[in-house]
Student: 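Would you mind keeping the following structure in view while I ask a few things?
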Number of protein chains: 2
Amino acid sequence: MEKQVNNFEDKLRDNSLKLTGPRQCILNYLACNRDKHLTADDIHRLLLQNDEKVGIATVYRTLALLEKLELINGIYLEDGCVRYQLMDTKEKHEHHHLICEKCNRIIDMQDDLLERLERQVNEKYGFCVKNHKVKLYGICKECGQMKD
Amino acid sequence: MEKQVNNFEDKLRDNSLKLTGPRQCILNYLACNRDKHLTADDIHRLLLQNDEKVGIATVYRTLALLEKLELINGIYLEDGCVRYQLMDTKEKHEHHHLICEKCNRIIDMQDDLLERLERQVNEKYGFCVKNHKVKLYGICKECGQMKD
DNA sequence: GTTAGTGCAAAGAATTTGCAAATAG
DNA sequence: CTATTTGCAAATTCTTTGCACTAAC
């Protein structure tokens, strides 16, 4: 978390952008909830709950900025709103998500098992893979165990 | 294509839904453009161009129906609108998409190389994979060859 | 002080909904 | 004939934008 915040300050400086209250706040919330997948609205609501008066427009603008600076990743599910999560600096690519079709939980998955696939894509399609977004849909352990 | 249309008629009958002009038309457009990735608006525009007077609401309702009947798949890109494509009845899962970050082309990829990954997910997370959505981002062959 | 960032309210885009009229079975 | 579907326009949802005001550097 420290690392990302420092990283953020550097990236802002490099682009002559300003380190403002709302920006610090929003990055902080994401850093404290790296396991969650928050929408702009979630973050806005969280801020208001903690008496941080930040407009929703600023939340959107900050999330767009953080995504451009490659500090967060957007996840696009089927419900029409984007969810964000802090990027793991150790990751080469984005990590994968398991989405339970019963409880709608989103489970993070760190394994990077797509290297072989990416190599084959390069050979067969001449396509040079830079990033990937993998979502696996199914039934999670807990839901699978319930005998409804 | 014949197969899908028949399949469609059966599925409608099974659910006491009606086979209407707009529904046939829309499925037909998708069947004739299985390699494309059309938005509701694309389809609506196509229909109007061919003097089929169908309201945009009907297009949305029909696409939702076709998706529920598992005849088409929705692809959720970063531009905020859903694109649809006829499902290939031969496929176990959805196929993958390569998205070029330069020309924004979407390339279909039939290989199903995720079986090993899915097996490991099942072992490690107890998660039973039913479907997947894989998008690989990068630079396509043509864009990679351009020396701009 | 200058430039970038913010909040607000209004605009925009994609999609959904309510309802009376139309149509398939 | 009856239940489903349609078209239209209005509503909704998520997101973006314009602009005067504020805050970083």
Side-chain angles (χ1 to χ4, degrees), chain A residues 5 8-29 37-48 50-69 71-84, chain B residues 5-6 8-29 37-48 50-69 71-84 104:
Chain A
V5 173
F8 180 42
E9 294 182 12
D10 292 345
K11 288 190 177 188
L12 289 178
R13 234 190 312 275
D14 292 351
N15 294 278
S16 46
L17 300 170
K18 292 172 180 175
L19 181 62
T20 66
R23 285 176 179 171
Q24 289 183 71
C25 251
I26 292 170
L27 183 63
N28 222 34
Y29 273 111
H37 308 82
L38 303 170
T39 64
D41 203 60
D42 290 337
I43 294 169
H44 187 231
R45 227 165 328 104
L46 267 168
L47 289 167
L48 294 186
N50 287 57
D51 281 317
E52 308 278 2
K53 290 189 205 324
V54 175
I56 185 75
T58 299
V59 176
Y60 278 105
R61 281 185 284 228
T62 302
L63 290 171
L65 176 68
L66 292 172
E67 193 171 33
K68 204 168 64 187
L69 298 180
L71 289 162
I72 62 174
N73 284 136
I75 312 167
Y76 299 76
L77 297 189
E78 281 62 21
D79 66 350
C81 60
V82 188
R83 281 149 206 289
Y84 290 95
Chain B
V5 173
N6 294 337
F8 181 41
E9 294 182 11
D10 292 345
K11 288 189 178 189
L12 288 178
R13 235 189 313 275
D14 293 350
N15 295 278
S16 47
L17 299 171
K18 292 174 177 172
L19 180 62
T20 66
R23 285 176 180 174
Q24 290 183 70
C25 249
I26 292 170
L27 183 64
N28 222 33
Y29 273 110
H37 308 82
L38 304 170
T39 64
D41 203 60
D42 290 337
I43 294 170
H44 188 229
R45 225 161 334 100
L46 267 167
L47 288 166
L48 294 186
N50 286 57
D51 282 317
E52 309 276 1
K53 291 190 205 325
V54 175
I56 186 77
T58 300
V59 176
Y60 278 105
R61 281 186 285 226
T62 303
L63 290 171
L65 176 69
L66 292 171
E67 193 170 33
K68 204 169 65 190
L69 298 180
L71 289 162
I72 61 174
N73 284 135
I75 311 166
Y76 299 76
L77 296 189
E78 282 63 19
D79 66 351
C81 59
V82 188
R83 281 148 207 290
Y84 291 95
N104 292 312

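Everything quoted here is computed from the prediction, not taken from an experiment. Heavy atoms only: backbone and side chains are in, while hydrogens, waters and symmetry mates are out.
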Student: For residues B:V54 and B:I43, determine if any side-chain heavy atom of one lies less than 4.5 Å from a side-chain heavy atom of the other.
Tutor: no
Student: With a strict under 4.0 Å distance from non-hydrogen atoms of chain B, what nucleotide opens and what nucleotide closes the contacted stretch of DNA chain D, reading 5' to 3'?
Tutor: D:dA3 to D:dC8
Student: From A:L38 CG over to A:I75 CD1, what is the distance, rounded to the nearest 0.5 angstrom?
Tutor: 9.5 Å
Student: Do you know the tightest heavy-atom contact between B:V59 and B:A40?
Tutor: CG1-O, 3.5 Å
Student: List the atom of A:L77, the atom of B:Y76, and the distance in Å for their closest heavy-atom pair.
Tutor: O-CD2, 3.7 Å
Student: Taking all atoms of both residues into account, what is the closest heavy-atom pair of A:G74 and A:V82, and its distance?
Tutor: CA-CG1, 4.0 Å
Student: What heavy-atom pair brings B:L63 and B:I72 nearest, and what distance separates the two atoms?
Tutor: O-CD1, 3.5 Å
Student: Taking salt bridge (charged side-chain N to carboxylate O under 4.0 Å, His left out) as the cut-off, I'd like each qualifying pair that reaches into residues 11-24 of chain A, sequence neighbours left out, listed once.
Tutor: A:D10-A:R13
Student: Does any pair with a residue in residues 37-47 of chain B pass salt bridge (charged side-chain N to carboxylate O under 4.0 Å, His left out), and if so which ones, sequence neighbours excluded?
Tutor: B:D41-B:R45, B:D42-B:R45
Student: Note down the inter-axis angle between the two ends of the helix from C:dG1-D:dC25 to C:dG25-D:dC1, five pairs each, to the nearest 10°.
Tutor: 40°
Student: For residues 74-83 of chain B, pull every pair meeting salt bridge (charged side-chain N to carboxylate O under 4.0 Å, His left out), keeping only residues two or more places apart or in separate chains.
Tutor: B:D79-B:R83
Student: Distance check needed: C:dT15 C1' versus B:H44 NE2, whole Å only.
Tutor: 13 Å
Student: So what does A:S16 touch, heavy atoms closer than 4.0 Å: a base, only the sugar-phosphate, or nothing?
Tutor: sugar-phosphate
Student: Side-chain contact test, heavy atoms from C-beta onward, threshold under 4.5 Å: evaluate it for B:Y29 versus B:N50 and give yes or no.
Tutor: yes
Student: Counting primed atoms plus P, OP1 and OP2 as sugar-phosphate and everything else as base, spell out the protein contacts along nucleotides 6-14 of chain C at 4.0 Å heavy-atom distance: B, S or - for each nucleotide, 5' to 3'.
Tutor: SBB-----S
Student: Just the rounded figure in Å: distance from P of C:dA24 to CD of B:E9.
Tutor: 14 Å
